[in-house]
Amino acid sequence: QVQVVESGGGLVQAGESLRLSCIVSGLSFDKYAMGWFRQAPGKEREAVACSSWSGGHTYVAGSVKGRFTISRDKNTLYLQMNSLNPEDTAMYYCAADPENQVVVSDGYCGSEFNHWGQGTQVTVSS
């Protein structure tokens, strides 16, 4: 059974940093797309940063480009978030695609992930 578990969220002040982590378990391989998504109250879920199955392609949303960095180490995905601002306040979700059905390119991240974590809350105060 595939499990996705996020950690690292919290309450910070504007300008500060956080590092989110996501561990995927229950798989015997580590070549699959993974991604970070977020959803703020009253808003639709959006892709923040994604890594292709090979790690060769990385998508980063324009709203966080230059501030957020995605990285991965086998079955663990990270999101380094710098210069946080109140607009970054949201529940952050990690997703994994061991079925290899999600397209991730440098300019696009699909949302058809089948495996999602419970989310970790990030709150940025002004």
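Computation of the quantities below employed the complete heavy-atom set of this structure, encompassing side-chain atoms and omitting hydrogens, waters and symmetry-equivalent molecules.
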### Query
What residues, two or more places apart in sequence or in another chain, satisfy side chain to side chain donor-acceptor pair (under 3.5 Å) together with Gln80?
Asn82
#### Entry: Shortest non-hydrogen separation from Ser126 to Pro86 and the atoms involved
CB-CG, 3.8 Å
### Task
Scan for salt bridge (charged side-chain N to carboxylate O under 4.0 Å, His left out) pairs involving residues 71-81, sequence neighbours excluded, and state none if there are none.
none
## Note on the structure
Apart from Val103 itself, members of its ILVMFWY cluster (side-chain separation under 4.5 Å) are Tyr108
### Query
Nearest heavy-atom pair of Ala33 and Val104: which atoms, and what distance?
CB-CG2, 4.1 Å
### Message
Which residues pass the side chain to side chain contact (heavy atoms under 4.5 Å, CB included) test with Ser21, not counting sequence neighbours?
### Response
Ser7, Tyr78
## Note on the structure
Cluster membership besides Val4, Ile/Leu/Val/Met/Phe/Trp/Tyr side chains within less than 4.5 angstrom, sorted by chain and number, is Val2, Val12, Leu18, Leu20, Val24, Leu27, Phe29, Tyr32, Met34, Trp36, Val48, Val60, Val64, Phe68, Ile70, Leu77, Leu79, Met81, Leu84, Tyr92, Val122, Val124
#### Entry: Under 3.5 Å: donor-acceptor pair, side chain of Asp106, backbone of Thr58
yes
#### Entry: Summary of salt bridge (charged side-chain N to carboxylate O under 4.0 Å, His left out) pairs that have at least one residue in residues 41-58, sequence neighbours excluded
Arg38-Glu46
#### Entry: Residues in side chain to side chain donor-acceptor pair (under 3.5 Å) contact with Gln121, at least two apart in sequence or another chain
Thr123
### Message
Under the rule for side chain to side chain contact (heavy atoms under 4.5 Å, CB included), what residues qualify as partners of Gln1, not counting sequence neighbours?
### Response
none
### disulfide bond (SG atoms under 2.5 Å apart) contacts touching residues 12-44 (sequence neighbours left out)
Cys22-Cys94
### Task
For Ser54 and Lys31, work out which heavy atoms get closest and say how close.
O-NZ, 4.4 Å
### Query
Heavy-atom count around Trp53 CH2 within 6.0 Å, excluding the residue itself: above 12?
no
### Summary
Residue set satisfying side chain to side chain donor-acceptor pair (under 3.5 Å) with Arg19, at least two apart, ordered chain then number -> none
#### Entry: Sequence-distant partners of Gln101, side chain to side chain contact (heavy atoms under 4.5 Å, CB included), two or more places apart
Asp97, Glu99, Glu112, Asn114
## Note on the structure
Tyr59 and Ser105 have their tightest heavy-atom pair at CB-O, 3.3 Å
#### Entry: Minimal non-hydrogen separation, Tyr93 against Gly119, with atom names
CD2-CA, 3.6 Å
## Note on the structure
Rounded to the nearest 0.5 Å, the CG atom of Asn100 sits from the OG atom of Ser52 at a distance of 10.0 Å
### Task
Would you mind listing every disulfide bond (SG atoms under 2.5 Å apart) that reaches into residues 41-74, with sequence neighbours excluded?
Cys50-Cys109
### Query
Is the backbone of Gln118 close enough, under 3.5 Å, to the side chain of Glu6 for a donor and an acceptor to pair up by distance?
yes
